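See structure below.
Residue numbers start from 1 in every chain, and the chains themselves are labelled A, B, ... in the order their sequence lines are given, proteins ahead of strands. The figures that follow rest on heavy atoms only: side chains count, while hydrogens, waters and symmetry mates do not. Since the structure is predicted, the reported quantities are computational estimates derived from the model, not experimental observations.
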Number of protein chains: 2
Amino acid sequence: MISAPFPQGSNAERSRMTNRQAVLGHIKSQGAMGRAQLARALGLSTQAISNIIAELTAEGLLVETGTQVSGRGLPAVQYGVNPKGGYALGVEVRPAAVFTALLDLSGEPVITRRRALDDPTPSAVLGIVGTMRDAMLAKTGVDPGLLMGAGVVMPGPFGQTGLAGHSADLPGWQTVAPEVLFETALGLPIELSNDANAAAMAERIGGVARAVHSYAYLYFGTGLGLGLVSAGQLVTGAFGNAGEIGHIPVTTKTGPAPLESCLSRVSVQAHLAASGRHAPDVAALDALHRAGDAALRDWIAEAAAALGQALHIIENLFDPQTVILGGAMPAALLDDLIAATTPPAGSVSARDDNPLPRLMRGASGRMTATIGAASLILNRAYSPRAAAL
Amino acid sequence: MISAPFPQGSNAERSRMTNRQAVLGHIKSQGAMGRAQLARALGLSTQAISNIIAELTAEGLLVETGTQVSGRGLPAVQYGVNPKGGYALGVEVRPAAVFTALLDLSGEPVITRRRALDDPTPSAVLGIVGTMRDAMLAKTGVDPGLLMGAGVVMPGPFGQTGLAGHSADLPGWQTVAPEVLFETALGLPIELSNDANAAAMAERIGGVARAVHSYAYLYFGTGLGLGLVSAGQLVTGAFGNAGEIGHIPVTTKTGPAPLESCLSRVSVQAHLAASGRHAPDVAALDALHRAGDAALRDWIAEAAAALGQALHIIENLFDPQTVILGGAMPAALLDDLIAATTPPAGSVSARDDNPLPRLMRGASGRMTATIGAASLILNRAYSPRAAAL
DNA sequence: TTGATAGCTCAAGTGGTTTGAGTTAATATC
DNA sequence: GATATTAACTCAAACCACTTGAGCTATCAA
């Protein structure tokens with residue numbers, strides 16, 4: 001996931017590859033369309049598009065979805081993405097559990113699984129993941145040959161950094177390259193990422209950002225993560241650890257504090273515990289929220305203040321089309337948090353010619369990052385640049 | 001400068017274009033080399049490289065720089081960028097003056113000019129810029145046909161945003177697209193950008209970031225700007241206004257304040273004025289600094305504290321290879337500021353496997369942004385992706 | 001009914017890269 | 001000192017994918 005320092009050259013075969021991806025990606029984000037329209041959008045001849053579509057339909061990635069009459073002329077034969085044309089495996093490894101998901105080509109989860117983890121060492125995890133994959137394939141009857149790859153989310157940051165505690169979460173993984181381990185164990189192409197980046201890509205592939213090319217994603221995981229997407233691609237930084245927003249300071253009623261201390265699952269739980277409440281998981285939080293709990297309302301108000309400050313920084317530094325909130329939180333709670341947040345006025349995003357809201361809610365719940373992991377693989381089929389790196 | 005939402009398809013001619021740029025860019029950042037080495041680096045055949053080099057030398061963009069013996073085998077004929085093979089015009093429009101620069105293909109300024117501006121309306125500015133270009137070409141004897149384009153830096157942010165005051169700096173420019181005006185007036189391809197992004201690109205083309213592909217650039221202009229470069233390309237945001245770092249809050253001895261109020265030319269001047277000093281320009285500041293002025297030392301200490309906080313945010317959000325400081329400040333002052341700054345410990349950049357320092361000084365002085373403007377044009381010759389957008 | 005228009009296919013042409021054989025100049029080995 | 005090995009490079013032919021131009025078809029407009 002480290003950005004390639006130097007670009008590769010291009011030849012006829014690589015051109016075909018990028019054109020295939022451009023066709024698929026355009027249809028994915030814009031919906032089914034005909035050859036001529038694709039040709040205009042991509043700056044290619046209709047004949048070239050015809051050849052590519054013939055190839056993609058033969059492989060089952062595209063399907064005819066009918067014809068579209070628009071004024072004079074021959075009606076255009078429409079082609080759309082065939083959801084059953086390919087699948088991606090998503091794997092999320094946490095200290096105490098492994099989550100897996102199988103996504104179809106359209107980005108829809110076909111099946112998801114959770115397995116408790118007693119032994120988080122590489123060999124045990126790889127064995128469990130292999131078993132879970134086989135079980136999911138068997139249960140759904142998906143042809144293993146249609147698996148395009150596996151996205152893997154693990155606790156970051158990766159490599160050595162100044163942020164302590166994280167990489168120690170999974171014992172035995174420090175000395176090895178997880179990508180290589182998973183690739184040999186699963187026999188599939190691997191994308192390795194942190195939870196926030198994966199969740200951000202989930203929105204682009206199967207969520208609210210399907211037609212958005214530049215956005216930021218605030219992910220509620222253990223802490224708070226930021227995923228940045230620019231021109232449809234993740235901005236991962238030089239060493240793959242971009243988006244560590246949790247430790248940046250915000251001002252609170254009691255002085256400066258790390259953003260994560262006001263805006264994260266841990267902070268909700270701490271706040272509730274101070275009032276004698278207990279909400280260990282998403283479902284419990286949701287129940288408390290539906291009951292209109294006062295302490296939770298309190299937390300939302302304080303979190304909204306912190307979110308406003310984070311929004312200020314994110315917007316002024318990136319100028320995204322929108323900022324999406326998601327992760328392991330109840331959807332309704334995120335909606336309330338967004339409603340309670342006043343977007344900062346002194347921001348480049350305080351414009352009125354942007355059709356998108358400045359804050360949106362994306363996918364939420366336990367599986368967000370797992371689905372995102374699989375989305376990283378799907379993104380390679382849809383984006384010429386992702387494959388080039 | 002707004003990122004293209006959809007990629008274009010590729011064909012044989014576009015492949016040649018990207019391969020030409022890849023060859024030039026690789027030689028630019030890595031130094032002169034032979035055909036075989038280029039072929040390996042770019043994943044092309046030596047024959048393809050031979051054809052491209054033949055074309056580029058015929059056009060004067062590359063020149064033979066000798067042969068390199070390395071072990072057995074035929075010595076490799078080295079090719080390097082020919083500085084005289086092309087030129088780029090840089091234009092910086094400020095409320096009271098216009099700056100121009102002529103850069104050769106290697107990124108070196110050949111000549112720079114400054115002209116006071118009485119009337120900052122479009123027609124007056126365009127006339128002056130045309131005259132300045134002609135004068136620079138005449139003075140240096142550069143063939144006008146070798147001009148590859150003009151980069152233009154103007155006060156931003158562009159379009160409507162929530163940041164007041166900026167776009168009003170130049171009367172008469174609000175209703176028109178500056179790119180179109182400059183293109184018709186100069187008859188050249190135009191790149192329009194803000195000062196920070198331009199300065200950031202200057203470091204990549206002719207400065208300390210020639211071999212760095214992912215970095216942030218803090219620009220001291222009127223306020224404080226941030227230029228972000230990821231995988232060799234500017235991250236401009238969805239609406240072109242990314243990098244507005246000046247308004248994000250930092251904590252100071254007297255409470256929260258905008259970064260710009262501690263870390264900018266205006267803040268130096270305000271601080272000095274409070275002690276009865278006066279340093280209206282870079283030269284005066286430099287003199288004061290060399291004299292060891294106590295008030296200036298004071299400012300440096302406070303600015304360093306603010307810079308440390310900004311660094312924390314930038315590093316954790318982007319994970320760049322390095323952060324470069326530059327702009328309209330004396331070089332020695334920037335060096336002292338860097339020396340006085342303690343890089344934050346709780347940052348993903350606090351790693352010890354990065355050969356680059358976390359803070360570096362880039363080009364400084366009045367012409368930084370102007371030279372950067374021209375660099376935006378040169379970058380298009382060196383970077384396959386820049387031209388694709 | 002006729003003409004205009006737009007989507008699409010077929011076949012030939014074209015641009016640029018790859019492939020494979022051959023040449024040259026350097027080091028390594030006998 | 002002669003020969004083998006190695007690596008860079010060139011030439012010509014093959015190849016891949018896209019473009020071009022002619023022709024077909026289905027729809028709307030006159």
Side-chain angles (χ1 to χ4, degrees), chain A residues 7-24 26-27 30 32-59 62-80 384 387-388, chain B residues 7-24 26-27 32-59 62 64-80 384 387-388:
Chain A
Q8 270 230 319
S10 174
N11 59 24
E13 277 165 38
R14 279 178 260 209
S15 284
R16 167 58 69 102
M17 205 62 218
T18 65
N19 289 348
R20 282 170 54 110
Q21 288 155 348
V23 166
L24 275 173
H26 200 74
I27 290 177
Q30 303 298 101
M33 64 183 74
R35 295 170 171 80
Q37 193 181 345
L38 275 166
R40 284 189 297 265
L42 303 182
L44 295 172
S45 63
T46 54
Q47 184 56 52
I49 298 292
S50 269
N51 296 339
I52 292 165
I53 284 185
E55 199 175 281
L56 291 172
T57 48
E59 294 173 20
L62 284 183
V63 282
E64 214 181 300
T65 62
T67 57
Q68 177 73 27
V69 185
S70 62
R72 275 203 260 221
L74 188 69
V77 183
Q78 311 280 102
Y79 289 86
Chain B
Q8 268 229 320
S10 172
N11 59 23
E13 278 166 35
R14 284 186 268 230
S15 284
R16 168 57 71 103
M17 206 61 219
T18 65
N19 289 348
R20 280 171 55 111
Q21 288 156 348
V23 166
L24 275 173
H26 199 74
I27 290 177
M33 64 183 74
R35 293 169 171 82
Q37 193 182 345
L38 275 165
R40 284 189 298 264
L42 303 181
L44 295 172
S45 63
T46 52
Q47 184 56 52
I49 300 292
S50 269
N51 297 339
I52 292 164
I53 284 185
E55 198 176 280
L56 290 173
T57 47
E59 294 172 19
L62 284 183
E64 215 181 298
T65 61
T67 57
Q68 177 73 27
V69 186
S70 61
R72 279 205 259 222
L74 188 69
V77 183
Q78 311 280 102
Y79 289 86

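Each of B:T46 and B:E55 lies near DNA chain C, and the nucleotide nearest B:E55 is the one positioned closer to the 5' end.
Contact annotation for A:R40: backbone-only contact, meaning every heavy-atom pair under 4.0 Å involves sugar-phosphate atoms and none involves a base. Residue contacts shown for B:A48 include a base, since a base heavy atom lies under 4.0 Å away. Among the atoms of the strands shown, only primed sugar atoms or phosphate atoms (P, OP1, OP2) are found under 4.0 Å from some heavy atom of B:S50.
We find that CG of B:N51 is positioned 14 Å from P of C:dT19, with the value rounded to whole Å. The CG-C1' distance, from A:N11 to C:dT19, rounds to 13 Å in whole Å. Per the geometry, CD1 belonging to A:I53 stands 8 Å off P belonging to C:dC8, to the nearest Å.
B:A12 meets the side chain to side chain contact (heavy atoms under 4.5 Å, CB included) test with no other residue; sequence neighbours excluded. Scanning for side chain to side chain contact (heavy atoms under 4.5 Å, CB included) contacts around A:S45 gives A:Q47, A:A48, with sequence neighbours left out. Residues passing the side chain to side chain contact (heavy atoms under 4.5 Å, CB included) test with B:T57, sequence neighbours excluded: B:I53, B:L62, B:Y79. Residues satisfying the side-chain hydrogen bond (donor to acceptor under 3.5 Å, both in side chains) criterion with A:E13, sequence neighbours excluded, are absent altogether. Checked against side-chain hydrogen bond (donor to acceptor under 3.5 Å, both in side chains), B:Q68 has no partners two or more places apart in sequence or in another chain. A:A32 meets the side chain to side chain contact (heavy atoms under 4.5 Å, CB included) test with A:T65, A:Q78; sequence neighbours excluded. For A:R20, the side-chain hydrogen bond (donor to acceptor under 3.5 Å, both in side chains) partners at least two apart in sequence or on another chain are A:E55, A:E59.
The shortest distance between the side-chain N/O atoms of A:R35 and the OP1/OP2 oxygens of C:dT9 is below 4.0 Å. Phosphate proximity of C:dT17 to A:R14: absent, as no side-chain N or O sits under 4.0 Å from OP1 or OP2.
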**Request:** Give the B/S/- string for nucleotides 21-30 of chain C, one per nucleotide from 5' to 3', where a protein heavy atom under 4.0 Å of the base yields B, of only the sugar-phosphate yields S, and otherwise -.
**Result:** ---BBBBS--
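For DNA chain D, the outermost nucleotides in 5' to 3' order that have an atom under 4.0 Å from a heavy atom of chain B are D:dT5 to D:dT19.
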Contact list (N/O, under 3.5 angstrom) for nucleotides 10-15 of chain C vs protein:
{"unit_1": "C:dC10", "atom_1": "N4", "unit_2": "A:Q47", "atom_2": "OE1", "d": "2.6"}

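Contacts classified as salt bridge (charged side-chain N to carboxylate O under 4.0 Å, His left out) and involving residues 33-49 of chain A (residues at least two apart or in different chains) are not found.
When all heavy atoms of A:T67 and A:P75 are compared, the closest pair comes out as CB-CB, 4.3 Å. When every heavy atom of A:G34 is checked against every heavy atom of A:A76, the shortest pair comes out as CA-CB, 4.3 Å.
Between the side chains of B:T18 and A:S10, no donor-acceptor pair of N or O atoms lies under 3.5 Å.
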